[in-house]
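Here the structure comes first, spelled out in structure tokens, and everything after it is commentary.
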Number of protein chains: 2
Amino acid sequence: MSSTPTTKERIVIASAELFRRQGYTGTGVKQIVAAAQAPFGSLYHHFPGGKEQLGEQVIRIAGGMYGELVSAVFDPAPDVVTGTEQVFTLAAQHLAESDYADACPIATIALEIASSSEPMRIATAEVFEGWLEKLASRFTAAGIDPATARTLALTTLSLLEGAFVLCRAARTTEALLAAGTQAAAAVRAALPEA
Amino acid sequence: MSSTPTTKERIVIASAELFRRQGYTGTGVKQIVAAAQAPFGSLYHHFPGGKEQLGEQVIRIAGGMYGELVSAVFDPAPDVVTGTEQVFTLAAQHLAESDYADACPIATIALEIASSSEPMRIATAEVFEGWLEKLASRFTAAGIDPATARTLALTTLSLLEGAFVLCRAARTTEALLAAGTQAAAAVRAALPEA
DNA sequence: GTCTATAATTTGATAGAC
DNA sequence: GTCTATCAAATTATAGAC
């Protein structure tokens with residue numbers, strides 16, 4: 001299985017962790033290969049497009065993994081309302097436990113490169129869109145009409161991403177907890193009569 | 001008045017614009033002095049603490065100006081509900097007009113340096129806290145109790161910041177408009193009976 | 001595919017003349 | 001206070017041996 005990660009995998013994993021904490025421009029390729037315990041040349045062997053191609057891959061892979069993680073929290077919940085709240089509660093817990101470092105794996109990169117790298121910008125847009133569709137499908141499965149489900153997905157993800165910004169700055173979980181309460185309430189209000 | 005901005009002012013203004021579009025680590029000091037049409041040495045004359053001190057000042061000054069801008073949109077509105085919605089609507093309009101570059105002036109920096117620069121992190125936290133108190137005071141003035149007003153301020157700002165992330169990535173205003181609708185609805189629901 | 005050495009450029013920062 | 005020349009270090013990237 002994943003007992004012996006390949007050099008390429010180690011580079012991607014190390015990049016994902018560093019990008020999440022320091023951002024894309026704030027992380028050097030030397031730092032990446034050092035953290036991945038990989039030789040310098042391997043990076044350009046596996047990613048001929050250099051740092052930008054690596055960044056794009058990291059966005060897609062880390063974004064996909066985070067989507068799975070959210071699903072793993074959301075799906076076992078008894079209903080969509082508590083599922084929604086659980087996502088925010090656990091995100092707050094994980095953020096605090098990581099000393100306010102581990103929030104969204106791609107938000108920092110997304111803001112940094114939105115106006116300077118189209119390949120990476122498109123990657124962030126597609127990852128976000130995937131999350132939105134996943135969220136919306138959970139809401140429609142609970143009987144909410146598609147248009148409302150789309151709006152709810154947008155506001156839920158906006159609340160999560162925005163609260164991450166405030167919480168990392170303040171080193172508090174206050175915003176995430178308030179956001180989770182409002183997100184859950186909005187989902188409850190959109191639910192059809194029982 | 002401001003007909004002839006000083007060298008120091010030009011440096012701060014140029015930095016604020018570049019940081020907002022490219023982030024803190026993505027902007028070089030050489031690029032800053034070039035944009036400000038200032039000699040290189042002037043930067044270190046006015047900011048002996050170097051780039052980090054400049055960053056902290058930019059956060060506080062640009063953050064203060066953005067707070068004033070939001071107030072200028074919020075206050076003339078007939079009531080807090082439409083004031084809230086107006087902020088999101090105009091933010092969406094301004095974002096689209098700037099080719100999806102001009103969103104929050106400090107969010108990108110906040111995420112970049114949250115785990116690496118305490119002086120800058122504290123500056124972002126204090127600016128956000130100032131905005132939150134300003135927002136909460138508008139809500140309490142409308143008859144909402146302080147605890148609810150605080151929660152509403154947190155969720156409103158989270159919605160705005162998160163929607164900025166999604167909108168810059170997707171190059172759409174969809175998230176900002178959805179966020180504005182939910183923010184306004186939440187304020188309306190918290191209002192005391194007429 | 002792995003790894004090292006190094007190129008070419010840019011980074012933040014300083015010294016010192018004016 | 002203004003401006004230039006320059007530094008040491010770090011940056012991304014490449015060449016080429018193994």
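Sequence lines set the chain letters: A, B, ... in the order given, protein chains first and strands last, and positions in each chain run from 1.
Residues A:Glu112 and B:Gln22 are not in side-chain contact: their nearest non-hydrogen atoms beyond the backbone lie 4.5 Å or more apart.
Spacing between atom CD1 of B:Ile32 and atom P of C:dA13 amounts to 10 Å, rounded to whole angstrom units. Look at CE on B:Met120: it is 14 Å from C1' on C:dG12, rounded to the nearest Å. Atoms CG (B:Leu18) and C1' (C:dT11) sit 16 Å apart, rounded to a whole Å. In this structure, A:Gln53 places its CD atom 11 Å from P of D:dA13, rounding to the nearest Å.
Atoms CG and SG, on B:Leu160 and B:Cys104 in that order, are 7.5 Å from each other to the nearest 0.5 Å. Distance check, rounded to the nearest 0.5 Å: OG of B:Ser137 to CD1 of B:Ile144 gives 11.5 Å.
Cation-pi contact between B:Lys51 and B:Tyr24: present, with separation from the ring centre below 6.0 Å and deviation from the ring axis of at most 45°.
A salt bridge is absent between A:Glu129 and A:Lys134: the closest approach of a Lys/Arg side-chain nitrogen to an acidic carboxylate oxygen does not fall below 4.0 angstrom.
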- Query: Which parts of nucleotides 1-12 of chain D does protein reach within less than 4.0 Å, heavy atoms only, written one letter per nucleotide 5' to 3' as B for base, S for sugar-phosphate only and - for none?
  - Reply: SBBBB-----BB

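Using a 30° and 60° split on the angle between ring planes, A:Phe139 and A:Phe74 fall in the perpendicular class, above 60°.
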